[in-house]
Protein chains: 2
Amino acid sequence: MPKVTEAHRAERREQILLAAARCFARDGFHATSMDTVIAEAGLSAGAVYGYYRGKDELIEAAAGRAVELLGDVLPVVAAAPSPAALVEQLLGLVTEVADRLGFDPTRIAVLAWGESVRNPRVREPVARAYTAIRAHMAEAVRHWQRDGRMAADADPEEVAKVLFGLLPGFIVQRQLIGDVHPDRYAAALRALTGGAGTG
Amino acid sequence: MPKVTEAHRAERREQILLAAARCFARDGFHATSMDTVIAEAGLSAGAVYGYYRGKDELIEAAAGRAVELLGDVLPVVAAAPSPAALVEQLLGLVTEVADRLGFDPTRIAVLAWGESVRNPRVREPVARAYTAIRAHMAEAVRHWQRDGRMAADADPEEVAKVLFGLLPGFIVQRQLIGDVHPDRYAAALRALTGGAGTG
DNA sequence: CACTAAAAAAGGAACGCTCGTTCTTCAACA
DNA sequence: TGTTGAAGAACGAGCGTTCCTTTTTTAGTG
């Protein structure tokens with residue numbers, strides 16, 4: 001049986017997914033044709049369809065990939081000494097991964113939000129990932145409350161929503177206007193939260 | 001000349017635009033066909049194309065409409081007594097207009113962000129509207145600084161970016177997860193900004 | 001070690017379908 | 001009766017997908 005190794009298969013899937021992600025980040029989900037993805041991957045139609053069922057599956061995979069990068073920062077989030085420090089590290093990571101990946105995951109995230117309006121297969125994994133992040137942020141808030149750095153009567157879950165919301169707020173302005181910077185953003189947040197934050 | 005009145009023409013354009021907006025908010029830009037929009041408007045293809053050049057123009061018009069609603073709140077923004085009060089009023093307005101309009105403009109806003117990735121004709125007006133809002137927020141920040149309610153060394157433009165960013169942050173969570181509420185969000189922000197904010 | 005055969009993967013042309021758009025025809029009103 | 005808005009069938013392009021062919025790889029055999 002000339003079966004190709006499983007590692008090779010995974011590699012091919014990755015190659016196709018990254019090619020698709022680059023195309024999506026450049027042109028959007030619906031303006032990129034399968035021909036474009038196929039050409040970007042350097043393969044043929046038959047090959048691509050041997051690894052993915054179709055365009056929808058590719059969109060879902062790309063959206064999932066763009067979002068699961070946030071999983072890397074869960075430990076950072078839980079251990080942040082202050083809201084501004086948390087946000088600063090989060091935004092810093094989000095802005096730097098673009099080079100490491102060859103495509104900008106925040107672009108795909110914005111596309112995924114739009115796609116989520118009508119496609120549950122995109123929305124659900126994204127919502128799950130975001131909810132997980134928020135849970136870790138709520139944990140951080142509880143730490144701050146125990147340390148007396150935040151009002152004890154505040155609802156940690158709700159504060160976490162606001163903290164998490166700073167991320168899409170940053171991304172939208174970065175993609176649409178482009179005049180935001182992680183450090184400045186965090187500094188402004190520090191001014192807003194009282195300025196006495198550590199780190 | 002049975003020329004129809006100019007008011008009638010404007011009314012027809014509005015009828016078509018609202019129909020398109022409803023369809024877009026329901027299914028997204030690309031999953032709605034012109035047939036759907038035409039049926040929703042209760043007109044014929046020829047009629048619709050007599051008022052709009054094509055689907056792209058309809059998308060741009062819907063995106064512009066969804067965004068220009070923010071123009072109504074410019075006075076509110078400039079006069080807000082505190083960050084939390086500003087955000088509370090902003091989010092309150094954004095969540096209530098859905099009923100008044102027959103479609104949810106925040107859904108179209110999310111779609112417009114995604115479309116902005118590749119289409120400057122959508123991005124530019126949205127970016128302009130958002131920049132205008134931010135400018136008014138910066139003005140509010142300067143007021144707070146003059147009143148001694150905010151650190152004088154903070155950059156008002158940067159603080160305005162964070163304040164504005166709370167809006168897309170709220171919208172994304174509302175659309176994808178759905179467990180956010182304007183009042184609770186503002187309350188959490190109050191906890192984050194020190195809790196001593198007025199109203 | 002060489003050759004053969006089988007099996008899987010990659011190639012790529014072609015299909016069918018949907019969608020946006022146009023254009024000719026019809027109706028209404030002054 | 002002429003002019004204009006509306007109707008709706010028809011067209012053409014572009015897309016995702018499939019399917020048949022070609023190439024490559026591997027296992028078995030003399």
Side-chain angles (χ1 to χ4, degrees), chain A residues 1-24 26-63 111 114-115 117-119 121-122, chain B residues 1-24 26-63 111 114-115 117-119 121-122:
Chain A
M1 315 151 185
K3 175 104 179 166
V4 104
T5 163
E6 194 58 36
H8 176 259
R9 254 198 89 80
E11 209 170 280
R12 269 288 140 83
R13 273 183 71 90
E14 185 71 7
Q15 167 189 0
I16 293 167
L17 178 56
L18 290 182
R22 281 194 299 272
C23 296
F24 291 155
R26 194 198 311 127
D27 302 327
F29 289 144
H30 297 284
T32 53
S33 67
M34 284 301 279
D35 276 352
T36 307
V37 172
I38 288 159
E40 177 81 22
L43 293 173
S44 65
V48 169
Y49 276 86
Y51 288 92
Y52 287 92
R53 295 182 71 100
K55 192 180 185 182
D56 283 347
E57 194 170 306
L58 232 24
I59 290 176
E60 292 158 21
L111 294 171
E115 198 66 12
V117 165
R118 64 166 202 99
N119 188 351
R121 306 252 302 162
V122 171
Chain B
M1 318 155 186
K3 175 109 180 162
V4 103
T5 160
E6 193 59 35
H8 177 258
R9 252 197 91 77
E11 211 171 279
R12 270 287 142 85
R13 274 183 71 90
E14 186 70 6
Q15 166 188 2
I16 294 168
L17 177 56
L18 290 182
R22 280 194 299 273
C23 296
F24 292 156
R26 192 197 314 127
D27 303 327
F29 289 143
H30 297 285
T32 53
S33 66
M34 283 301 277
D35 276 352
T36 307
V37 173
I38 288 159
E40 177 82 23
L43 293 173
S44 66
V48 169
Y49 277 86
Y51 289 92
Y52 287 92
R53 295 183 69 102
K55 191 179 184 180
D56 283 347
E57 195 170 305
L58 231 24
I59 290 176
E60 292 157 21
L111 294 170
E115 198 66 13
V117 164
R118 65 166 201 98
N119 188 349
R121 305 252 302 165
V122 171

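Residue B:Ser44 places none of its side-chain N or O atoms closer than 4.0 Å to OP1 or OP2 of D:dA6. Taking side-chain N and O atoms only, B:Tyr51 has no distance below 4.0 Å to OP1 or OP2 of D:dG5.
Whole-Å rounding puts the B:Asp27 CG to C:dC19 C1' distance at 15 Å. If you measure from atom CD of B:Glu57 to atom C1' of C:dT21, you get 14 Å, rounded to the nearest angstrom. Taking atom CZ of A:Arg13 as the reference point, atom P of C:dA10 lies 13 Å away to the nearest angstrom.
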Detail all sub-3.5 Å separations between protein N/O atoms and N/O atoms belonging to nucleotides 24-27 of chain C.
none

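Qualifying side-chain contact (heavy atoms from CB on, under 4.5 Å) partners for B:Ala39, counting only residues two or more places apart in sequence or in other chains: none. Legend: residues meeting side-chain contact (heavy atoms from CB on, under 4.5 Å) with A:Ala47, ordered by chain and number and at least two apart, are A:Leu43, A:Ser44. With sequence neighbours excluded, the residues satisfying side-chain contact (heavy atoms from CB on, under 4.5 Å) with B:Tyr52 are B:Arg13, B:Ile16, B:Leu17, B:Glu57, B:Leu58, B:Ala61.
At least one side-chain heavy atom of A:Tyr51 sits less than 4.5 Å from a side-chain heavy atom of A:Arg9.
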(message) Output one letter per nucleotide in nucleotides 11-22 of chain D: B when a protein non-hydrogen atom lies under 4.0 Å from the base, S when only the sugar-phosphate is that close, - when neither is.
(response) ----SSBBB---

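Here A:Arg121 contributes atom CZ and A:Glu60 contributes atom CD; the two are 4.0 Å apart, rounded to the nearest 0.5 Å.
Under the side-chain contact (heavy atoms from CB on, under 4.5 Å) rule, B:Val122 has a single partner from B:Asp56, B:Leu111, B:Ile59, which is B:Ile59.
Considering all non-hydrogen atoms of both residues, B:Tyr49 and B:Gly54 come closest at CE2-CA, 3.8 Å.
Residue pairs meeting the salt bridge (charged side-chain N to carboxylate O under 4.0 Å, His left out) criterion with at least one partner in residues 33-45 of chain B, sequence neighbours excluded, are B:Arg22-B:Glu40, B:Arg26-B:Glu40.
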